[in-house]
Amino acid sequence: MSETNFAFVATSDKPQLPAPKGTTGAIGWVRENLFSSPMNTFLTLLSLFVVYSTVPGLVNWAFVNSVWNANSLDECRALTENGACWGVVRERYHQFLFGFYPSELYWRPILAFALLFVALVPALWDGMPKRGLALMGSMTFPFVAFWLIWGGFGLEPVSSTQLGGLLLTMIIGVSGISFSLPIGIVLALSRSSNLPIVKSLAVIFIEFIRGVPLITLLFVAHVLLNYFLPKGVNFDIVLRVVIMVTLFASAYMAEVIRGGLAALPKGQYEAADALGLGYWQSMRLIILPQALKISIPGIVNTFIGLFKDTTLVLIIGLMDPLGLVAPTLADQRWNGIVVELYAFIAFMFFIFCFAMSRYSMYLERKLHTGHR
Amino acid sequence: MSTSTVPADNSFQLSQLWRDARYRSYTIQIIALVVALSVVMMLIGNAVENLEALGKDFNFGFLFEPAGYDIGQRLVEYTSASGHWKAALVGLLNTLLVAFLACLAATVIGVFVGVLRLSNNWVISRLMAVYIEGVRNVPLLLQILAWYAVFIHVFPKPKQAEPLLGGALVATNRGFYIPGFTYEGAYLAVVAVFLASIAGIFIFRSWAKKRQEETGQILPVGLYSLGLLIVPTAIVYFIAGMPIGLEFPTLKGFNYVGGTKAGTPLIALWFALSIYSAAFVAEIVRAGIMAISKGQTEAAYALGLRPQRTMSLVVLPQSLRIIIPPMISNYLNITKNSSLAIAVGYMDLTGTLGGITLNQTGREMECMLLLMATYLVISLTISAVMNYYNESVKLKGR
């Protein structure tokens, strides 16, 4: 082999050229993602136009031109042409939070709300020391909260008619959520069991509840429930609504969990049987932990739906945040201030529902351990 | 099963009812049945007792008494002298009307949004995400009330309203007016021919499909169907002397008359329901398309199918299987949610039977029973259709 035949031999790699201009960095990204085709360009421009024509106006309305220091709509309109009159929120926010709860007793619902988070800690934090004991403590929360909110036993009693606003929403929502899950699990297990009578009872209940709108159930709670109770027994209207909302949500919950039970591979059931576990043991140790994990998105969606559905109580005359709009508008000073009120209430609900949906997505990612 | 290893044991003990797996299921079921029956019996017993104490009887005769109230939005003849049953029927039709319109609009908007949400275009997909999250996380009732307020405040009074689209649409704060049909003479013949040609299209399509499977020849099915839809009806229409006409809304005094009126409650409810449910439809569609693995599209391309045929023959049939069940339960939700009409005064089934009729006659028990039964029938019908469809598209032999 002679070494002199070649005019040039490269002994090292040539330096790499940079990528062509316009395919990397911000420009490249914009080109590829926003203007890759005529259709895409059109869509981008259209959506930019939509953003341009709504967002600045909205920001101006809500923040820049808005008025907080006004005691009536006329006063506010005199101060700003096209801004929001948040004065109504400043003046009445306590009503939207607590309804007509006596203002010197606000510490009680606030304490109950704080205790709710304390009670939630053992349920949400699975690495907690002495979790079992703490969970037992959480179980007492409903009774403590009931005592704090309604009073009695040394506290000044507060009647249900004084409850309202976000407080009412939270009472109905939280109790609905916490009771509907266990009832839903029982219903789901009954419906997927192989005992024909138990199964058909569960089917009848679930299909009946799911077949009628919530509003008819609330009507039943409002006008009809008294007929079905023994004479002299009378539930509080809030309690009646809570019962109906819980029944409603638990039927949906049952279907979600049944989906989870059905999605488990059959081998899991057979493996549990093969280990010699009884029905309850296999459910508690093998089936339910996996089935519930699969159904988490559905469960949280049901929770969100339930939370939103609490607004329906306005139709039977309870004063949830949306129900407080009418009394506010009846005040001469605030007559006609609909947009601000609706925007405020929508914002309140959005925060809660959005937080719940994000938490469920986080859980889903955390629990996604590879197999189904 | 056939041979039991348990020795024949004639001495039956009571504890076996609970301890022995052979009897336990019967014990549990009988207990459950007894408990359920006694709860139901107790409820009914209480109801009978309480009704008696109040001096009320239980009968549906009130349905045939004159209702005595007017309903603005109606699809069938109704006056305040009609019976309560007629009012309920008007309500039922109104429920079905708004539910149908909302299902249609929600599907169209939702599919659109769902596809755009999946687009590679960052701006548009973000925009759609904002829409979906914003709409899904706010209560529907609030949205209905807000849209109602918007329609009342934004649109002008009939006197000042400008007719749009050459008089075909008038948007006022009392509602929208669109042209209505007028019928005279032999209009039934036209309708009959129209229905017959729709049936004809179905027959033609299945024949064309069979022919294609047998011979491989493809007919321009779409073109022929369109012709079949239009030509026979048009011929009969002109032969019969144009018996079906259009009537445009005209301003008379302070209001529009003629044409078809969709009152503000209907429009607001329709809008709110469609926009709210479209967000759910979008998520369903997105999940359905994402569930189809990319290998399916690539395999179809490898077989030489064009993108359009790939979509219609490979991707869509598979994602439809995933999309349809939640979609139909979404339609069910729309139908049930339409009962929120009562908040804006749209006279649907809940507004008539569960609202005014109930309050006027004081027959809570009968009204509520009828109301729930009707909704139940609607829901179960939709469910049955869903299950039937589900069975027919399910992967076989999994």
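Residue numbers start from 1 in every chain, and the chains themselves are labelled A, B, ... in the order their sequence lines are given, proteins ahead of strands.
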* Below 4.5 Å from any heavy atom of chain A, which atoms of B:Ala149 appear? Answer side chain, backbone, both or neither. => side chain
* Asked: Do A:Val51 and B:Leu127 come close enough that some side-chain heavy atom pair is under 4.5 Å?
  -> yes
* Check each atom of A:Leu312 against the heavy atoms of chain B and say whether the ones under 4.5 Å are side chain, backbone, both or neither. => both
* Return yes when atom CZ of B:Phe271 has more than 12 non-hydrogen atoms of other residues, nucleotides or ligands closer than 6.0 Å, and no otherwise. => no
* **CZ-CG distance between A:Phe42 and B:Asn121, expressed to the nearest 0.5 angstrom** => 12.0 Å
* Asked: Contact part of B:Ala32 toward chain A, heavy-atom cut-off under 4.5 Å: side chain, backbone, both or neither?
  -> both
* Asked: Tell me, side chain or backbone of B:Leu54 under 4.5 Å from chain A's heavy atoms, or both, or neither?
  -> side chain
* Structure fact -> Whatever's closer than 4.5 Å to a heavy atom in chain A on B:Asn337 counts as neither
* To the nearest 0.5 Å, how far apart are CE in B:Met368 and CG in A:Leu217? -> 8.0 Å
* Non-hydrogen side-chain atoms of B:Leu340 and A:Ile315 separated by less than 4.5 Å -> yes
* Structure fact -> Honestly, the part of A:Pro196 sitting under 4.5 Å from a heavy atom of chain B is both
* Under 4.5 Å from any heavy atom of chain B - which part of A:Asn194 -> neither
* Asked: Any side-chain heavy atom of B:Leu142 within less than 4.5 Å of one from A:Thr311?
  -> no
* Asked: How many angstroms lie between OH in B:Tyr26 and CG in A:Leu195, if you round to the nearest 0.5 Å?
  -> 10.0 Å
* Does any heavy atom of chain A fall under 4.5 Å from the side chain of B:Ala53, the backbone, both, or neither of them? -> side chain
* Report yes or no: does A:Lys308 contribute a side-chain atom to a donor-acceptor pair with the main-chain N or O of B:Arg136 at less than 3.5 Å? => yes
* Is it the backbone or the side chain of B:Leu371 that comes under 4.5 Å from a heavy atom of chain A, or both, or neither? -> side chain
* How far does CG of A:Leu43 sit from OG of B:Ser125, to the nearest 0.5 angstrom? -> 11.5 Å
* **Expected output: side-chain B:Glu364 to main-chain A:Leu224 donor-acceptor under 3.5 Å** => no
* Structure fact -> Whatever's closer than 4.5 Å to a heavy atom in chain B on A:Phe307 counts as neither
* Asked: Is there a donor-acceptor pair under 3.5 Å between the side chain of B:Lys336 and the backbone N or O of A:Arg210?
  -> yes
* Asked: Side-chain contact, heavy-atom cut-off 4.5 Å: A:Leu314 with B:Leu145?
  -> yes
* For B:Phe58, does the CZ atom sit with more than 12 other heavy atoms under 6.0 Å from it, leaving out its own atoms? -> yes
* Going by heavy atoms in the side chains, are B:His153 and A:Val339 under 4.5 Å from each other? -> no
* B:Ile30 versus chain A, heavy atoms under 4.5 Å apart: side chain, backbone, both or neither? -> neither
* Is there side-chain contact between B:Thr350 and A:Phe219, with at least one heavy-atom pair below 4.5 Å? -> yes
* To do: Kindly say whether A:Phe350 contributes a backbone atom to a donor-acceptor pair with the side chain of B:Asn137 at under 3.5 angstrom?
  => no
* Structure fact -> Applying a strict 4.5 Å limit to non-hydrogen atoms, the region of A:Tyr279 in contact with chain B is neither
* To do: Verify the neighbour count for atom CH2 of A:Trp61: are there more than 12 heavy atoms of other residues, nucleotides or ligands below 6.0 Å?
  => yes
* To do: For each of B:Ile378, B:Val123, B:Leu140, B:Leu376, tally heavy-atom pairs with chain A at distances under 4.5 Å, and name the one with the top tally.
  => B:Leu376
* Nearest-0.5 Å distance that lies between atom OG in B:Ser25 and atom CD1 in A:Ile197 -> 9.5 Å
* To do: Given side chain to side chain contact (heavy atoms under 4.5 Å, CB included), test A:Tyr227 with B:Lys56 step by step and report yes or no.
  => CA-CA 11 Å; A:Tyr227 286 113; B:Lys56 285 184 175 180; 3.0 Å; yes
* **B:Phe112 atom CZ, neighbour heavy-atom count above 12 within 6.0 Å** => no
* Structure fact -> Bottom line for A:Leu201: the part with an atom under 4.5 Å from chain B's heavy atoms is side chain
* To do: Test side chain to side chain contact (heavy atoms under 4.5 Å, CB included) on A:Ser357 and B:Glu133 and set out the steps.
  => CA-CA 9 Å; A:Ser357 76; B:Glu133 292 297 330; 4.1 Å; yes
* With a cut-off of 6.0 Å (strictly less than), are more than 12 heavy atoms of other residues, nucleotides or ligands near CE of B:Met42? -> yes
* **B:Phe280 versus chain A, the contacting section by heavy-atom distance below 4.5 Å** => side chain
